[in-house]
Amino acid sequence: MTAAPRYIHHVNFPTTDPDRTAEWYAKVFGMKRIMPKSNTRVVLMTRGNFDLHFTPVEEMERMAPYHFAVEVDDWDDFLAHLKELGIRHTRPIQRPENQSKFCYIHDPDHTMIELVYHAKRPN
């Protein structure tokens, strides 16, 4: 079934100090900071087999940046699956650095879920 999710791609957390956060995750977990080519302030960290993202915030009480991401195998089939279920999503965006695609949906409790598709990601 191609509409089945593949795996969790990354999780996103708030940070009040992006540079301190990047240094700590590099030191503690050996993660590498990726400098995005697009216009974003999000700190992107990777271990190669999983990613962590950190959205800069003024205060930690804000809930808006919290979300998790799910990688899908077939972008068009999954969006068709959402349509069949009557689930609305945000406008799909393609990242210029790797041609991946993403958009967002919300669960019944309004938890934000990012859907991600990488056509060139190995199995």
Side-chain angles (χ1 to χ4, degrees):
M1 178 176 173
T2 58
R6 187 173 195 168
Y7 56 82
I8 293 176
H9 177 267
H10 72 264
V11 292
N12 186 60
F13 302 97
T15 177
T16 57
D17 187 329
D19 290 333
R20 179 188 64 202
T21 297
E23 289 175 18
W24 190 88
Y25 278 88
K27 182 174 58 177
V28 174
F29 296 111
M31 299 186 81
K32 179 182 175 186
R33 187 173 189 174
I34 300 169
M35 300 310 291
K37 295 178 183 174
S38 55
N39 185 19
T40 181
R41 297 183 332 132
V42 174
V43 177
L44 307 175
M45 303 293 294
T46 188
R47 274 282 301 167
N49 58 348
F50 71 92
D51 297 351
L52 296 176
H53 297 178
F54 299 91
T55 298
V57 297
E58 296 296 322
E59 298 178 23
M60 293 304 285
E61 286 81 26
R62 294 177 58 188
M63 294 296 292
Y66 293 110
H67 73 277
F68 63 92
V70 176
E71 180 88 18
V72 298
D73 278 330
D74 187 311
W75 183 254
D76 293 331
D77 280 357
F78 198 83
L79 293 187
H81 174 65
L82 292 176
K83 186 175 182 178
E84 288 175 8
L85 296 174
I87 297 173
R88 298 176 60 189
H89 59 81
T90 61
R91 182 175 57 89
I93 305 281
Q94 184 165 329
R95 292 184 174 101
E97 58 265 34
N98 62 6
Q99 285 74 49
S100 66
K101 297 177 182 176
F102 71 97
C103 69
Y104 295 94
I105 61 174
H106 291 91
D107 75 7
D109 293 314
H110 212 63
T111 298
M112 188 165 57
I113 302 164
E114 181 178 352
L115 303 175
V116 183
Y117 172 71
H118 293 82
K120 296 180 180 177
R121 187 176 290 265
N123 290 327

State, to 0.1 Å, how close G48 and T46 come at their nearest heavy-atom pair, and which atoms those are. N-OG1, 2.9 Å
Ignoring hydrogens, what is the shortest heavy-atom contact between R47 and G30? Give both atom names and the distance. NH1-O, 3.7 Å
Could you tell me the separation between the CD1 atom of I105 and the CG atom of L82, rounded to the nearest 0.5 Å? 5.5 Å
Linking I/L/V/M/F/W/Y whenever any side-chain heavy atoms sit under 4.5 Å apart, do F13 and F50 land together? yes
Enter the distance from H67:NE2 to D107:CG here, rounded to the nearest 0.5 Å. 13.5 Å
When you compare the side chain of K37 with that of N98, does any pair of heavy atoms fall below 4.5 Å? no
Taking all non-hydrogen atoms of both residues, which atom of A3 and which atom of D77 are closest, and how far apart? CB-O, 4.4 Å
Specify the closest pair of heavy atoms between L115 and F78, including all atoms of both residues, with the distance to one decimal. CD1-CE2, 3.6 Å
Please determine whether a side-chain nitrogen of the Lys or Arg among D76 and K101 lies less than 4.0 Å from a carboxylate oxygen of the Asp or Glu. no
Would you say the side chain of V116 lies within less than 4.5 Å of the side chain of C103, judging by non-hydrogen atoms? no
Kindly compute the distance separating OG (S38) from CD (E97), expressed to the nearest 0.5 Å. 4.5 Å
Answer yes or no: is there a donor N or O on one side and an acceptor on the other, between the side chain of T90 and the main chain of Y104, under 3.5 Å? yes
Please determine whether residues M45 and V42 belong to a single hydrophobic cluster, defined as Ile, Leu, Val, Met, Phe, Trp and Tyr linked transitively by side-chain heavy-atom distances below 4.5 Å. no
Does some side-chain heavy atom of H9 sit less than 4.5 Å from a side-chain heavy atom of H118? yes
Given the rule in the side-chain contact (heavy atoms from CB on, under 4.5 Å) test, do H53 and D51 qualify, once you have shown the distances and angles that lead to the verdict? CA-CA 7 Å; H53 297 178; D51 297 351; 4.0 Å; yes
Run the side-chain hydrogen bond (donor to acceptor under 3.5 Å, both in side chains) check on E114 and H10 step by step: do they pass? CA-CA 9 Å; E114 181 178 352; H10 72 264; 3.2 Å; yes
State whether the side chain of Q99 and the backbone N or O of Q94 hold a donor-acceptor pair below 3.5 Å, judged by distance alone. no
What are the two closest heavy atoms between P14 and F54, and how far apart are they? O-CD2, 4.4 Å
Does V43 belong to the same Ile/Leu/Val/Met/Phe/Trp/Tyr cluster as L52, with side-chain heavy atoms less than 4.5 Å apart forming each link? yes
Validation row: Y117, P92 side chains within 4.5 angstrom (heavy atoms): no
Cluster question for you: counting only ILVMFWY and a side-chain heavy-atom cut-off of under 4.5 Å, with indirect links fine, are Y25 and V11 together? yes
Does L44 belong to the same Ile/Leu/Val/Met/Phe/Trp/Tyr cluster as F102, with side-chain heavy atoms less than 4.5 Å apart forming each link? no
